[in-house]
Amino acid sequence: MGQTGSANGTSLLTDLGRAFGTAVGVAGVTILVGVTVARLAGVTTADLESAAPLEVVGVGVLVLAVGLASWLEDGGYERLGADPTGGARFAWLAFFYLPLAVLPLRVALGATTTSGPTGVATLSVQLGCVALAAWLSLYGGLDRLGLETRHVGHAALAGVGLGILTAVIATVLEPSDALVALVALVAQLTALWVAVGTVVDRFRQ
């Protein structure tokens, strides 16, 4: 009886964690797409506030996220041919691990474009992270590459370190845009190699 209760409790926690991860992922995607569309349309925060208070917009995003998350958990994943257990993994990859893993690229975009760190170019990189995270977590991408979520986490750690190094080079040494781009490319490829090459696992062995 005790084992059954423990198993039911574990299952409930797993289901809640999955539902929460799905809701966070959907909310993040909704906000990201909305910000990108607003940037492309030239809509500013002031324009948005003149149409509706930001609090109302936030509540709308929350309601939409909960509604979409409920639909996904209620058979939506299966209808889309996606893995119903991948919601939380998607949220981690899309909004934490992958954005950090591509930090050198984002630093280079901020240093070599006039759009700045919140411009359309950087938002496009974030959207790319979302698309890649969806494939990795919901459509078997990790298995096809022979990777686990922690391997992407290793790339995120490498991306942070190499991204900081790229930012220091771009700020202190003030090289040409071409050199910044080259340094960022090398740093980015190195961060990805840490994941794909399972470098940390080999080091531990």
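All residue numbers in this chain count up from 1 along the given sequence. Note that this is a predicted model, so its numbers are computed, not measured.
Residues A158 and A191 share a closest heavy-atom pair of CB-CA, 4.0 Å. The shortest heavy-atom contact between P104 and G163 is CG-N, 3.8 Å. Between V26 and L72, the closest heavy-atom pair is CG2-CD1, 3.8 Å. Closest non-hydrogen pair, A155 versus A195, comes out as CB-CB, 3.5 Å. In this structure, C129 and P99 approach most closely via the heavy-atom pair SG-N, 3.9 Å. What you find for L138 and Y77 is that their closest heavy atoms are CD2-CE2, 4.0 Å.
In terms of modelled atom types and a separation under 3.5 Å, the side chain of Q188 and the main chain of A101 share a donor-acceptor contact.
When hydrophobic clusters are built by joining Ile, Leu, Val, Met, Phe, Trp and Tyr residues whose side-chain heavy atoms come closer than 4.5 Å, directly or via intermediates, F96 is grouped together with L132. No single ILVMFWY cluster, assembled from side-chain heavy atoms under 4.5 Å apart, contains both L62 and V29. By the rule that hydrophobic residues join a cluster once side-chain heavy atoms approach within less than 4.5 Å of another member, V59 and V61 end up as members of separate clusters. Hydrophobic clustering (ILVMFWY, side-chain heavy atoms < 4.5 Å, transitive): L68 and V66 are in distinct clusters.
Between W135 and L145 there is a side-chain heavy-atom pair separated by less than 4.5 Å. Using a 4.5 Å heavy-atom threshold, the side chains of I31 and F95 count as separate. At least one side-chain heavy atom of L98 sits under 4.5 Å from a side-chain heavy atom of V152. No side-chain heavy atom of L142 sits under 4.5 Å from any side-chain heavy atom of E148.
To the nearest 0.5 Å, the span separating CG on L182 from OG1 on T166 amounts to 10.5 Å. To the nearest 0.5 Å, the span separating CG on L80 from OH on Y139 amounts to 5.0 Å. The CZ atom of R79 sits 6.5 Å away from atom CG of D74, with the distance rounded to the nearest 0.5 Å. The CD1 atom of I164 lies 11.5 Å from the OG1 atom of T171; values are rounded to the nearest 0.5 Å. Remark: L32 CG to L127 CG distance equals 4.0 Å, nearest 0.5 Å. Taking CG of L136 as the start and CG of D143 as the end, the distance is 10.0 Å to the nearest 0.5 Å.
Under the 4.5 angstrom side-chain criterion for Ile, Leu, Val, Met, Phe, Trp and Tyr, the cluster partners of L185 are L189. When hydrophobic residues (I, L, V, M, F, W, Y) are linked wherever their side-chain heavy atoms come within less than 4.5 Å, L192 remains an isolated member.
Shown here are the ring-ring contact (aromatic ring centres under 6.0 Å, His included) partners of Y97, two or more places apart in sequence or in another chain: W92.
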